Protein chains: 2
Amino acid sequence: MAGIRERARAEHTAEIVRLARVQVEREGASSLSLRAIARELGMVSSAIYRYFASRDELLTKLIIDSYDRLGEEVEAADAGVRRRTDFLGRWRAMSHAIRQWALAHPAEYALLFGTPVPGYAAPQDTIGPASRYTIVLIRLIVEMEGAGHRSADKVPVALRRDYARFRQRFDVAASDAMLMGGMAAWANMMGAINLELFGHLYNVIDTPGALFEAVVAQQGRLLVSGTAPPPGTSKRA
Amino acid sequence: MAGIRERARAEHTAEIVRLARVQVEREGASSLSLRAIARELGMVSSAIYRYFASRDELLTKLIIDSYDRLGEEVEAADAGVRRRTDFLGRWRAMSHAIRQWALAHPAEYALLFGTPVPGYAAPQDTIGPASRYTIVLIRLIVEMEGAGHRSADKVPVALRRDYARFRQRFDVAASDAMLMGGMAAWANMMGAINLELFGHLYNVIDTPGALFEAVVAQQGRLLVSGTAPPPGTSKRA
DNA sequence: CCTCAAACGAGAGCAGTGCTCTTGTTTTTC
DNA sequence: GAAAAACAAGAGCACTGCTCTCGTTTGAGG
């Protein structure tokens with residue numbers, strides 16, 4: 001009952017995670033130190049291992065949380081667009097939500113989308129949260145096509161199998177062409193954010209926000225560039 | 001003369017760099033260990049500091065070398081296209097050269113385009129090599145426009161200053177629209193590679209090469225989508 | 001209520017890291 | 001040939017992740 005110990009455990013765990021995130025945000029994931037956390041907590045370093053089996057496990061927890069927060073942001077951004085048929089508006093809102101979150105939490109963004117440490121295989125528990133923000137994007141793509149929009153992207157034959165599996169896994173009925181357009185848009189947007197966040201626009205583009213906006217607009221246009229015969233939709237590129 | 005010592009120094013330096021690269025390629029930059037290098041070299045760890053003032057300095061050297069190798073690959077790929085007016089072919093060749101190099105040297109790619117450690121400002125000596133591969137891309141853009149091609153990309157006003165400075169710095173006369181298209185193409189291509197290399201397509205896209213090809217083709221088309229009347233060059237949208 | 005096992009925190013310790021400083025030797029320079 | 005610079009070795013400092021042991025605290029079952 002109540003569980004004096006249970007409560008203490010929950011609190012300590014939360015506190016460790018909180019301090020870890022602060023540390024990551026401040027000095028980067030590479031210099032996250034369990035000992036430093038223990039010190040700040042007034043614990044001895046070995047005590048931390050009662051809560052996390054290893055540094056990697058703590059990092060995994062941080063990754064999961066970050067994916068969740070990002071997903072939340074993107075969902076909120078999408079939900080914030082009143083006219084649900086304003087697909088370009090929704091696309092812009094989501095994209096900017098991702099970028100804004102990245103700018104606000106660069107180290108967490110790097111944790112998710114930066115260098116993976118060789119050999120580190122993302123545990124199963126990360127893939128759920130990891131797909132959360134993408135699901136919002138997928139839903140948009142599907143609704144766009146449902147409304148008659150269609151990407152004009154050409155689909156390489158080699159990708160048909162991937163897209164077929166994709167439809168099955170996410171239980172959506174988007175055409176290959178639309179999925180193609182979505183992947184391209186996704187890659188392009190993430191690419192722009194990466195370049196900015198990882199410093200490759202430094203001293204080249206002073207207004208990365210404008211570049212991002214242009215890139216997002218370009219992909220948005222492409223997503224609705226195909227023949228858009230309103231209601232009845234069929235498959236096929 | 002000849003410099004017994006000078007020679008030894010050059011050899012030792014080269015050997016350190018070589019071992020460092022092997023280590024980075026094998027276990028990732030984060031676990032690059034000066035002591036391990038010293039051990040393999042039969043030296044004591046402090047001796048390494050005669051050659052590199054710090055671990056960071058050694059890493060910087062690796063970064064510079066990697067940028068140089070990447071630049072070399074891209075230059076060779078471009079030069080390998082016989083018909084110099086086959087702009088789309090050249091674009092494809094360069095893009096694939098970058099991806100192939102990344103796939104062949106994932107850890108080095110991560111070193112260049114992955115998470116930067118917070119606070120680490122790239123030293124001046126890196127910016128030269130870092131721009132080497134981009135210069136090939138820029139040259140292509142300029143030649144394309146010279147041949148009458150033009151990107152249809154819209155240019156946000158905020159970017160005009162950046163592009164003006166860009167023209168000055170690289171001494172090129174490309175239009176804003178064309179630079180815009182080039183930036184978008186660059187971001188898109190790098191984004192696709194990042195997603196693939198950093199594991200975000202895992203279990204989603206089994207044939208990332210095909211996705212990459214599609215993305216590159218899309219951007220290639222956009223680069224020549226504007227009014228393209230002048231001389232003998234054809235090419236459809 | 002009382003016992004016993006599980007959970008816990010402290011502490012010591014191991015193996016590893018980057019980096020500094022001193023000491024004696026070797027090479028280069030004047 | 002002497003002074004100066006370059007060098008390798010070694011000891012040492014402060015830090016890391018992680019393990020193991022040893023008392024203490026807590027909670028659950030008899």
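None of the values given here were measured: they were computed from a predicted structure.
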**Student:** Just to be sure I understand the geometry, which residues of residues 13-37 of chain B put a non-hydrogen atom under 4.0 Å away from DNA chain C?
**Tutor:**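 B:Leu32, B:Ser33, B:Leu34, B:Arg35, in order of number.
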
**Student:** Please tell me which of the listed nucleotides, C:dA10, D:dT25, D:dT19, lies nearest to the side chain of A:Tyr49?
**Tutor:** D:dT19

**Student:** If I compare all heavy atoms of B:Met178 with all of B:Ile141, which pair ends up nearest, and what's the gap?
**Tutor:** CG-CG2, 3.3 Å

**Student:** Going by distance alone, is a donor N or O of one side chain under 3.5 Å from an acceptor N or O of the other, for B:Gln218 and A:Gln219?
**Tutor:** yes

**Student:** If I take atom OH in residue B:Tyr120 and atom P in nucleotide C:dG18, what distance separates them, rounded to the nearest angstrom?
**Tutor:**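 Going from OH in B:Tyr120 over to P in C:dG18 covers 16 Å.
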
**Student:** In terms of side-chain heavy atoms of A:Arg5, which of D:dT26, C:dC19, C:dT28 is nearest?
**Tutor:**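 Comparing D:dT26, C:dC19, C:dT28 against the side chain of A:Arg5, the answer is D:dT26.
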
**Student:** Looking at A:Ala29 and A:Leu111, what are the two nearest heavy atoms and their distance?
**Tutor:** CB-CD1, 3.4 Å

**Student:** With a 4.0 Å cut-off, would you call A:Glu11 and A:Arg7 a salt bridge?
**Tutor:**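 Salt bridge flag = yes for A:Arg7 with A:Glu11.
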
**Student:** In this structure, how many angstroms lie between the P atom of C:dC8 and the CD1 atom of A:Ile48, rounded?
**Tutor:**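 Result: 13 Å.
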
**Student:** Please step through side-chain hydrogen bond (donor to acceptor under 3.5 Å, both in side chains) for the pair B:Tyr109 and B:Asn194, ending with a clear verdict.
**Tutor:** CA-CA 9 Å; B:Tyr109 177 84; B:Asn194 272 351; 2.8 Å; yes

**Student:** Starting at atom CD of A:Glu6, determine the distance to atom P of C:dA7, rounded to an integer number of angstrom.
**Tutor:**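 These atoms are roughly 12 Å apart.
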
**Student:** Do any of residues 52-62 of chain B sit with a heavy atom less than 4.0 Å from DNA chain C, and if so which?
**Tutor:** B:Ser54, B:Arg55

**Student:** Report the relative orientation of the aromatic rings in B:Tyr133 and B:Tyr67; use parallel for angles under 30°, tilted for 30 to 60°, perpendicular for over 60°.
**Tutor:** parallel

**Student:** What integer distance in Å separates B:Arg50:CZ from C:dC21:C1'?
**Tutor:** 11 Å

**Student:** By nearest heavy atom, map B:Arg39 and A:His12 onto DNA chain C; which one lands nearer the 5' end?
**Tutor:** A:His12

**Student:** Tell me: CZ of B:Arg7 to C1' of D:dA6, nearest whole Å?
**Tutor:**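 B:Arg7 atom CZ is separated from D:dA6 atom C1' by 18 Å.
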
**Student:** Quickly work out the A:Arg9 CZ to C:dC8 C1' distance and round it to whole Å.
**Tutor:** 9 Å

**Student:** Ion pair present between B:Glu72 and B:Arg69, side-chain N to carboxylate O less than 4.0 angstrom?
**Tutor:** no

**Student:** Hey, could you give me the CD1/CD1 distance between B:Ile37 and B:Ile16, rounded to the nearest 0.5 Å?
**Tutor:** 7.0 Å

**Student:** Could you check which of D:dC18, D:dG10, C:dC19 has an atom nearest any side-chain atom of B:Ser46?
**Tutor:** D:dG10

**Student:** Side chains of A:Asp125 and A:Thr60 only: does a donor on one sit below 3.5 Å from an acceptor on the other?
**Tutor:** no

**Student:** Calculate the interatomic distance between B:Glu11 atom CD and D:dA8 atom P; express it in whole Å.
**Tutor:** 12 Å

**Student:** Whole Å only: how far is the CE atom of B:Met43 from the P atom of D:dG10?
**Tutor:**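 Rounding to the nearest Å, CE of B:Met43 and P of D:dG10 are 13 Å apart.
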
